[in-house]
Amino acid sequence: MENIILTGDRPTGRLHLGHYVGSLKRRVELQNKNDYKELIILIADAQALTDNSGNPQKVRDNVIEVMLDYLAVGLDPKKVTFCIQSQIRALPELTAYYMNLVTLPRVLRNPTVKSEIKLRGFNNNEESGVPVGFVNYPISQAADITAFKANLIPVGDDQEPMIEQTREVVRSFNRIYNTDVLVECKSVLPENEICSRLPGTDGGAKMSKSIGNCIYLADDEATIKKKVNSMASFPRALEEPGIVEGNVIFTYLRAFANDSHFEKYYPEFKNLDELESAYKKGGLGDGRIKKFLNDVLQEELKPIREKRIEFSKNIPYILEVLKEGSEKANMLADKTLEEVKSAMGINYFVNDEYINEQIEKHSN
Ligand code: ATP
Ligand code: MG
């Protein structure tokens, strides 16, 4: 089977280091491997509106910001179809049919949705309760994935429950309507476990636009330095043994530092294993480690930031890429919707079997 790869991001803010190691890097690798029929990247604005309905300007602005981040990390419009979710006609209709295949208790059990409800402070009353659209977003994500018959989904691990939900929808649909129209997908997680859920600079929850504990790909040099310096660490006297487990500075080094960084910026050590064992013995201050992390991140982010600035000078081009991509995405998704409706037998006007059956039924 030829691979169809689909990923996406919510336009709720600029993209951050969590996106970079969790998903963007893998997308660039996949793009360059060229072993796919389609590589589609969807900017999930309709999903972003499920918890930002009162702030559409934020969503509109971030469509462009996210697109700039994509191009800056090296995703190439010649190889990737970029599209905007709200512009794909078939998606809400597919969502509507899939909603009937999933029970309310099943939707409410989704652990990612549960923790996001808590995080966003939705409660149980009618005024500030969780929007219906928000608890439904995993089902609309199933529409995004199946509309393109995607089989590979590069994501961070918070998306696993969504991929599982999609597989369930696919199985139910194919079983109930006795068809093989929908394709089962699987997630592609980063090899390095830390990268599949990079924590925020506060060392707590995952780095997330909605929490604001982020280092953004677009951050300037001084901002990155400031954020690294203010990262939480465990206070101790210099000569005391340092703690590596759960230490966010080391978590980031695990995600970003390689041996050549050591050679360049910290030649006293060959690699991270050596640095960690020295740190555990004591005598190494956090200031020096943070300086190293800053050097590593500055090296990684400088070319991205510079490319981003270049692309930001041509916004009409960005919109043209999105328009063309959305047109192509519409063609692909319309075809799936047609197949879905035909599998369900609700393609009344072109379904000879149905037409004849109804004539027959009413003929005497
Ligand atoms: P929001 O707070 O609006 O939900 P987000 O920061 O969680 O934003 P999304 O747009 O929801 O970002 O996620 C896009 C993709 O990036 C998903 O595949 C998700 O798994 C991945 N991702 C997001 N945050 C991280 C992170 N901290 N570590 C690894 N992957 C991440
Ligand atoms: Mg998210």
Side-chain angles (χ1 to χ4, degrees), residues 5-28 30 39-53 55-56 58-59 61-63 65-67 69-70 73 75 82 84-85 110-122 130-131 133-135 137-138 140-141 144-145 150 152-166 185-219 227 231 248 251-252 254-256:
I5 306 165
L6 178 101
T7 53
D9 303 278
R10 293 154 39 92
T12 48
R14 292 171 167 184
L15 300 184
H16 52 63
L17 288 182
H19 299 113
Y20 186 59
V21 292
S23 181
L24 293 174
K25 264 185 159 174
R26 176 58 65 93
R27 295 181 210 179
V28 175
L30 287 165
L39 173 50
I40 301 162
I41 297 184
L42 176 114
I43 301 185
D45 62 337
Q47 188 186 119
L49 286 166
T50 62
D51 55 335
N52 289 283
S53 54
N55 197 355
K58 170 174 156 187
V59 174
D61 287 344
N62 282 304
V63 166
E65 299 285 357
V66 165
M67 212 27 220
D69 287 322
Y70 290 154
V73 299
L75 290 165
F82 294 99
I84 305 182
Q85 189 183 30
N110 185 312
T112 299
V113 172
K114 266 191 192 162
S115 70
E116 288 177 340
I117 288 175
K118 227 191 233 155
L119 205 76
R120 284 156 175 74
F122 293 131
V130 56
F134 188 80
V135 287
Y137 90 73
S140 96
Q141 224 167 293
D144 304 337
I145 294 170
L152 296 181
I153 322 292
V155 283
D157 80 351
D158 63 308
Q159 290 302 305
E160 280 283 35
M162 315 306 165
I163 307 300
E164 187 51 40
Q165 177 73 80
T166 300
C185 62
K186 64 172 191 201
S187 55
V188 186
L189 293 171
E191 275 145 29
N192 179 345
E193 209 181 307
I194 288 172
C195 297
S196 65
R197 186 177 289 242
L198 191 76
T201 47
D202 51 359
K206 97 172 174 71
M207 186 176 283
S208 157
K209 297 181 231 106
S210 300
I211 305 179
N213 54 359
C214 305
I215 294 179
Y216 295 99
L217 298 179
D219 278 347
K227 288 181 179 174
M231 274 166 109
V248 67
T251 307
Y252 278 50
R254 276 276 163 226
F256 292 98

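Along the sequence shown, residues carry numbers from 1. Both ligands and their constituent atoms are indexed starting at 1 by order of listing.
Under 4.0 angstrom from ligand 1, the non-hydrogen atoms of Cys195 all belong to its backbone. In Thr12, the part holding a heavy atom less than 4.0 Å from any atom of ligand 1 is the side chain. Looking at Pro199 against ligand 1, nothing comes within 4.0 Å, counting heavy atoms.
For the pair Ile211 and ligand 1, the shortest N or O to N or O distance does not fall below 3.5 Å. Of the polar atoms of Arg10, at least one N or O is found under 3.5 Å from an N or O of ligand 1, judged by distance alone. When only interatomic distances are considered, the shortest N/O to N/O separation between Gln159 and ligand 1 does not fall below 3.5 Å. Residue Gly8 has no nitrogen or oxygen atom sitting less than 3.5 Å from a nitrogen or oxygen atom of ligand 1, judged on distance alone. Any N or O atom pair closer than 3.5 Å counts here, and Glu116 shares no such pair with ligand 1. For ligand 1, the polar-atom distance check finds an N/O of His16 within less than 3.5 Å of one of the ligand's N/O atoms.
Counting only heavy atoms from C-beta outward, the side chains of Asp51 and Tyr137 never approach each other to under 4.5 Å. Considering only heavy atoms from C-beta on, Val63 comes within 4.5 Å of Pro11 through its side chain. Counting only heavy atoms from C-beta outward, the side chains of Leu217 and Arg14 never approach each other to under 4.5 Å. At a threshold of 4.5 Å between non-hydrogen side-chain atoms, the residues Pro154 and Ile5 count as touching. Residues Phe256 and Leu198 form a side-chain contact, since some pair of their non-hydrogen atoms from C-beta on lies under 4.5 Å apart.
In this structure, Pro190 and Val21 approach most closely via the heavy-atom pair CG-O, 3.8 Å.
If you check which protein heavy atom lies closest to atom 12 (O) of ligand 1, you get His19 NE2, 2.8 Å. If you check which protein heavy atom lies closest to atom 15 (C) of ligand 1, you get Asp9 OD1, 3.4 Å. The closest protein non-hydrogen atom to atom 30 (N) of ligand 1 is Gly18 O, 3.3 Å. Among protein heavy atoms, atom 8 (O) of ligand 1 sits closest to Lys209 NZ, 3.0 Å. The protein atom (non-hydrogen) at minimum distance from atom 28 (N) of ligand 1 is Leu198 N, 2.9 Å. Protein heavy atom nearest atom 1 (P) of ligand 1, with residue, atom name and distance: Ser210 OG, 3.4 Å.
Interface atoms of ligand 1 facing Arg197, defined by a heavy-atom separation under 4.0 Å, are 28 (N), 29 (C). Shown in contact with Gly22 at under 4.0 Å from a heavy atom are these atoms of ligand 1, numbered in order with element: 29 (C), 30 (N).
By the 4.0 Å N-to-carboxylate-O rule, Asp9 lies too far from Lys209 to be salt-bridged with it. Salt-bridge formation is detected for the pair Arg26/Glu191: a Lys NZ or Arg NE/NH1/NH2 atom is positioned less than 4.0 Å from an Asp or Glu carboxylate oxygen.
Here atom 20 (O) of ligand 1 lies nearest to Asp158 when heavy atoms of Leu189, Asp158, Ile194, Thr7 are compared. If you check each of Arg120, Glu160, Lys206, Met207 against atom 5 (P) of ligand 1, the one with the closest non-hydrogen atom is Lys206.
Among Arg27, Lys25, His19, the one residue that satisfies the side chain to side chain donor-acceptor pair (under 3.5 Å) test with Ser23 is Arg27.
In this structure, the side chain of Asn192 engages the main chain of Arg254 through a donor-acceptor pair within 3.5 Å. Not one N or O on the side chain of Tyr20 forms a donor-acceptor pair closer than 3.5 Å with the backbone of Tyr216.
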